[in-house]
Amino acid sequence: MDDKKLPSRQENFSEWYNQLVLRAEMADYAPVRGCMVVRPYGWALWENIQAALDKRFKATGHVNAAFPLLIPQSFMTKEKEHVEGFSPELAVVTHGGGQLLEEPLVVRPTSETIIGTMYAKWIQSYRDLPVLINQWANVVRWEMRTKLFLRTLEFYWQEGHTAHATEQEAAEHTQRMLNVYTDFAINEAAVPVLAGQKSDSEKFAGAKATYSIEAMMGDTKALQAGTSHFLGQNFAKAFDIKFLDENNQLQYCWTTSWGLSTRFIGAIIMTHGDDQGLVLPPNLAPYQVVIVPIYRKDEEKALVMETVDKIVSGLGNLRVFVDRREGLTPGFKFNDWELKGVPLRIEVGPKDVQNGTLALARRDILGKEGKRFIPMAGFEQAVPAVLAEIQANMLAKATKFRDEHIFEVSNYEDFKDVVENKGWAKVWWYDDAANEAKIKEETKASLRNYAQTEGEGVCFYTGKKTNKQVYFAKGY
RNA sequence: CGGGGUGUAGCGCAGUCGGCUAGCGCGCUGCGUUUGGGACGCAGAGGUCGACGGUUCGAGUCCGCCCACCCCGACCA
């Protein structure tokens, strides 16, 4: 850990990730197995993710609320598939106030049941619909194997829960929120994702249909980065969520739920990070710009800091951090902020003050290539412009990488080679849960989601005609 | 739950065949010199060697049991 350099992604991607998360001070291991502490720098990134999503939720008509952490155990058993899916991973509270509880309480693994219960109480008429509520919350799932951000016993997320009068409206809303996630991932996080429906075997416990956004990590493994579920009337029936329609007919609601979690931080790290550390997209980075002042003597310091102050006030709308730490060399600070992934570094030294210039160093392009001097005059426009370039470049780079690692194959031999050594396989697929399970068993690759496809082809596995194309890949 | 690994200073590690005062690097504190790509000198602080039990004149070291964490597999946002 005290080695200056990280392990390279090439030689050990997993170790690279673990050390990076710790050393960049994103998170730390908690005293309880499988739990993590999200450190201030990691949480600041999460806050920016929250802000970007929350803005989009509000724009699509949602309001925020908070539902309780503890759920009566009996609630979890009301929807058949939901129980089966979640019972293995529930944390259960059996005692309270020193007494054995009459009914155990589960710590929410997700909130469909408790929110469904409340919706049943609140919804009477079609005039009450739709109900569009989101909550920012923590949830607990007792996972066997954990990894910082990607899978921990407790994690933070948002879960949206909506109730609608018609099937079509609920189905459209499921799609709308999937689009919101896609837009967020691409335009804020610069994480190119493929949005599509999950196979039946991969769908949410209790859903009619699950949709996901799938991202490709730097080791070409797939990460489910967000999900949107069409719940049909499953939960409405289990929790008695009913309304009277315009014709005075009693009907069950159609509901949806959708979530995106702190796992997304893992997606950002593994999509953009390099051997030098994190590379954070300007739109979400806790600090968009770090200024490293360079000086030797007090006279120089005074001059340099005067310029630094000018820059800070000139960049009032940006998240700027000035590294005022004494006793560290500029070189150390450069490396330190590169590890932390700050998109743009501004160096201000005596020579710059004298020449009326600033040195800009881009995080997405290391070394001399990414370093250039700009005139002090007009930096207020130049700096945001560079940030926009970085944002665009990061997306382009990640998209190129992803596209270069997706291969269309038409037979099982090629398929195995691709998912084992090359990346994702895009194939024509005739739905068959047994075959899907067999492929997963044999190759470790899972069906990520259905591609947006037109036309017809021949299933690579069965040779049957089909109009569906899917992505298979090893996943996190 | 299976397989592998690791527990010695905040972090990373060494500690030989059981031996006397438990060491190294980084970090940390103080002072000075440094500062445009991971600075240096000097002086310091910091340890129930994961826990329990055993063998022994003597245990970080040997034996037993337990615990914790990490990695790889079966499940998952």
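The shown structure was predicted, so the numbers you read here are calculated from the model rather than taken from an experiment.
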Euclidean distance for P, C20(B) against G27(B) (whole angstrom) = 30 Å
Is any NZ, NE, NH1 or NH2 atom of the basic residue among D183(A) and R56(A) found under 4.0 Å from an Asp or Glu carboxylate oxygen of the other?
-> yes
Looking only at side-chain N and O atoms, does R296(A) come under 4.0 Å of OP1 or OP2 in U34(B)?
-> no
Counter-base of A22(B), judged by Watson-Crick or G-U geometry with both distances under 3.5 Å = none
Who are the ring pair (Phe, Tyr, Trp, His ring centres under 6.0 Å) partners of W254(A), not counting sequence neighbours?
-> none
Counting only side-chain N and O atoms of K371(A), is one of them less than 4.0 Å from OP1 or OP2 of G36(B)?
-> no
Atom P, compared across G44(B) and G7(B): separation rounded to whole Å | 31 Å
Selected nucleotide, minimal atom distance to Y29(A) side chain, candidates A77(B), C71(B), G37(B) | C71(B)
Cation-pi check, R345(A) to F334(A): give yes when NZ or CZ is under 6.0 Å from the six-membered ring centre and within 45° of the ring axis, no otherwise.
-> yes
Pairing partner of G41(B) (Watson-Crick or G-U wobble, both distances under 3.5 Å) | C31(B)
Rounded distance (Å) that lies between atom C1' of A77(B) and atom CG of L178(A) = 15 Å
Specify the separation, in whole Å, of atom CG of L328(A) and atom P of G37(B).
-> 15 Å
For U34(B) and C40(B), measure between their C1' atoms and round to the nearest Å.
-> 7 Å
In whole Å, what is the span from the CG atom of L150(A) to the C1' atom of C75(B)?
-> 15 Å
Can you check side chain to side chain donor-acceptor pair (under 3.5 Å) on T210(A) and H229(A), steps first, answer last?
-> CA-CA 4 Å; T210(A) 287; H229(A) 313 293; 2.8 Å; yes
Presence of R145(A) side-chain N/O under 4.0 Å of G73(B) phosphate oxygens OP1/OP2 = yes
Under a 3.5 Å cut-off for both distances, is C69(B) Watson-Crick or wobble paired, and to whom?
-> G5(B)
Pick base, sugar-phosphate or nothing for A359(A), based on heavy-atom distances below 4.0 Å to the nucleic acid.
-> base
Please determine, for the side chain of M144(A), which listed nucleotide (A74(B), G38(B), C72(B)) has the closest atom?
-> A74(B)
So does T329(A) get a side-chain nitrogen or oxygen closer than 4.0 Å to the phosphate oxygens (OP1/OP2) of A39(B)?
-> yes
Report the residues that fulfil ring pair (Phe, Tyr, Trp, His ring centres under 6.0 Å) with W429(A), sequence neighbours left out, ordered by chain and then residue number.
-> F472(A)
Take E442(A) and Y412(A), measure what side chain to side chain donor-acceptor pair (under 3.5 Å) needs, and give me the verdict at the end.
-> CA-CA 11 Å; E442(A) 287 173 7; Y412(A) 199 32; 2.6 Å; yes
Pairwise P distance, C52(B) and G5(B) [rounded to whole Å] = 25 Å
Taking for P350(A) and for K444(A) the nucleotide of RNA chain B with the nearest heavy atom, the one nearer the 5' end belongs to P350(A)
Measure the distance from CD1 on I365(A) to P on G37(B) and round it to the nearest whole Å.
-> 20 Å
Taking only the side-chain nitrogens and oxygens of N18(A), find out if one of them lies under 4.0 Å from OP1 or OP2 of C71(B).
-> yes
Where the side chain of R151(A) is concerned, which of A77(B), G38(B), G36(B) is the nearest nucleotide?
-> A77(B)
Salt-bridge present (R325(A), D336(A); N to O < 4.0 Å) | yes
Could you state the atom-to-atom distance from CZ of F204(A) to C1' of C75(B) in whole Å?
-> 16 Å
Taking the nucleotide of RNA chain B with the closest heavy atom to each, which residue, R141(A) or E15(A), is nearer the 5' end?
-> E15(A)
Please tell me which of the listed nucleotides, C70(B), G37(B), G36(B), lies nearest to the side chain of K351(A)?
-> G36(B)
K198(A)/E214(A) salt bridge by N-O under 4.0 Å criterion | yes
Quickly work out the N12(A) CG to C71(B) C1' distance and round it to whole Å.
-> 9 Å
A77(B) pyrimidine/purine six-ring stacking with F155(A), under 5.5 Å and 30° | yes
Identify which nucleotide among A77(B), G38(B), C71(B) has an atom closest to any side-chain atom of S261(A), counting heavy atoms from C-beta outward.
-> A77(B)
Between C17(B) and G53(B) - P atom distance, rounded Å | 28 Å
G47(B) pairs with which nucleotide, Watson-Crick or G-U wobble, both distances below 3.5 Å?
-> none
Between G12(B) and C31(B), how far apart are the P atoms? Round to whole Å, please.
-> 30 Å
Same-atom distance (P) from G23(B) to G46(B), integer angstrom | 14 Å
Would you say a side-chain N or O of T110(A) is under 4.0 Å from OP1 or OP2 of A77(B)?
-> no
Please state the P separation for the pair C49(B) and C42(B) - nearest whole angstrom.
-> 32 Å
Find the distance E143(A):CD to C72(B):P and express it as a whole number of Å.
-> 15 Å
Distance in angstrom units between K333(A) NZ and U34(B) C1', rounded = 13 Å
